[in-house]
Amino acid sequence: MTSPDQSSTPQEQYADRSYRSPAALVGGVLLLALAAWLGGDALVRGTAHAKLTAVAGLLFVVPLVVAFTLRPLVRAGADRLLVRNPFRTITLPWAAVADLRASFSSEVFTADGTKYQLWSIPVSLRQRKKANRQAQRAAAGRPVRGGRDAHLGPGTEAAAPRATADRSLDELRELQERGAAREGAQGAPVVRWAYEILAPCVVGAVALAVLVAL
């Protein structure tokens, strides 16, 4: 997750915040490198049929890798929330956002009850359990492992960490509360399908099926 520095001026307070999964980005780059290596080897040294199969396979696999690793993004601004998921881009004016939750996955709910997942803000149950244990230790006045303050009294919130997904959702809720009444934050959600991902993936899948059947 990346976010801009806070400032006292209104324009900088409402600067866009972007949320991405570093693990997904690294995994996507590695998978693309592997696909390029395997596909390139088939294109250079394979037979004519192997070359066609490699091209079809790359057309099918590369868009899927990009869709699930590099593409997901959440961008929050003064007036709206942009959610870029594997196959859809959802633009939500803050007035249309009813709730933001992070249980087993991060989700945003609209006023009519429609739910959209936030793919770029994954929920780590292990990280959440660790944060909960540290919060319990802080509430009991015991040292928090890795914390700077070793002996804070009960109820001290400074030593109670939160999981990354929970912190991100807290920030988004704050932006929603501040921006929902703005004139530019009114309107209905807009959903756009990612045809730039779907089209080559479908073409590659059909071509691959035909070549394998031959």
Side-chain angles (χ1 to χ4, degrees), residues 1-25 27-28 63-128 131-132 135 157 160-202:
M1 181 204 69
T2 59
S3 60
D5 296 333
Q6 296 295 319
S7 174
S8 59
T9 62
Q11 289 183 347
E12 293 178 351
Q13 283 181 357
Y14 287 112
D16 285 352
R17 299 186 185 189
S18 297
Y19 301 83
R20 308 191 78 155
S21 170
L25 294 175
L64 286 180
V65 172
V66 172
F68 286 98
T69 60
L70 306 184
R71 176 178 161 79
L73 167 72
V74 168
R75 179 171 292 135
D79 295 329
R80 62 199 70 250
L81 178 71
L82 183 141
V83 180
R84 199 168 70 193
N85 285 339
F87 302 115
R88 294 189 297 180
T89 298
I90 305 102
T91 303
L92 299 165
W94 284 125
V97 174
D99 195 11
L100 290 138
R101 303 176 195 169
S103 52
F104 294 103
S105 63
S106 299
E107 301 163 340
V108 58
F109 293 81
T110 62
D112 63 1
T114 304
K115 177 179 71 175
Y116 301 103
Q117 284 190 319
L118 308 179
W119 280 76
S120 69
I121 307 179
V123 173
S124 171
L125 297 181
R126 180 179 179 182
Q127 188 181 73
R128 179 177 288 168
N132 289 339
E157 297 181 359
R162 287 174 61 76
T164 301
D166 295 327
R167 291 201 308 269
S168 299
L169 268 291
D170 288 343
E171 292 176 2
L172 293 177
R173 291 190 194 99
E174 181 183 354
L175 288 173
Q176 191 274 338
E177 291 173 358
R178 292 191 306 185
R182 292 167 58 89
E183 182 179 354
Q186 310 305 308
V190 176
V191 178
R192 185 185 72 83
W193 287 95
Y195 294 107
E196 67 277 12
I197 296 290
L198 293 170
C201 187
V202 171

Residues forming a side chain to side chain donor-acceptor pair (under 3.5 Å) with [X], sequence neighbours excluded:
X	answer
Asp99	Arg101
Thr110	Asp112
Arg88	none

Review point. Would Arg173 and Asp170 pass as an ion pair if we require N to O under 4.0 Å?
Key: yes
Just distance, no hydrogens or angles: give the donor-acceptor pairs under 3.5 Å from side chains in residues 77-86, sequence neighbours left out.
from	atom 1	to	atom 2	distance (Å)
Asp79	OD1	Arg182	NE	2.8
Asp79	OD1	Arg182	NH2	3.4
Arg80	NH2	Gly184	O	2.8
Arg84	NE	Arg71	O	2.7
Arg84	NH2	Arg71	O	3.1
Asn85	OD1	Trp119	N	3.3
Asn85	ND2	Gln117	O	2.7

Exercise for review: Kindly indicate whether the side chain of Leu118, heavy atoms from C-beta on, has any atom under 4.5 Å from the side chain of Leu100.
Suggested key: yes
Check your understanding: Less than 4.5 Å apart, any side-chain heavy atom of Val74 and any of Val108?
Key ->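 Heavy-atom side-chain distance check fails, nothing below 4.5 Å.
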Practice item. Under the ring-ring contact (aromatic ring centres under 6.0 Å, His included) rule, collect the residues that match up with Tyr116, sequence neighbours excluded. Key: none
For the student: nearest non-hydrogen atoms of [X] and [Y], plus distance:
X	Y	answer
Gly179	Ala185	O-CB, 3.0 Å
Leu169	Ala102	CG-CB, 4.0 Å
Ala95	Gln186	CB-OE1, 3.3 Å

Check your understanding: Tell me, which pairs form a ring pair (Phe, Tyr, Trp, His ring centres under 6.0 Å) where one or both residues lie in residues 69-96, sequence neighbours left out?
Key -> Phe68-Phe87
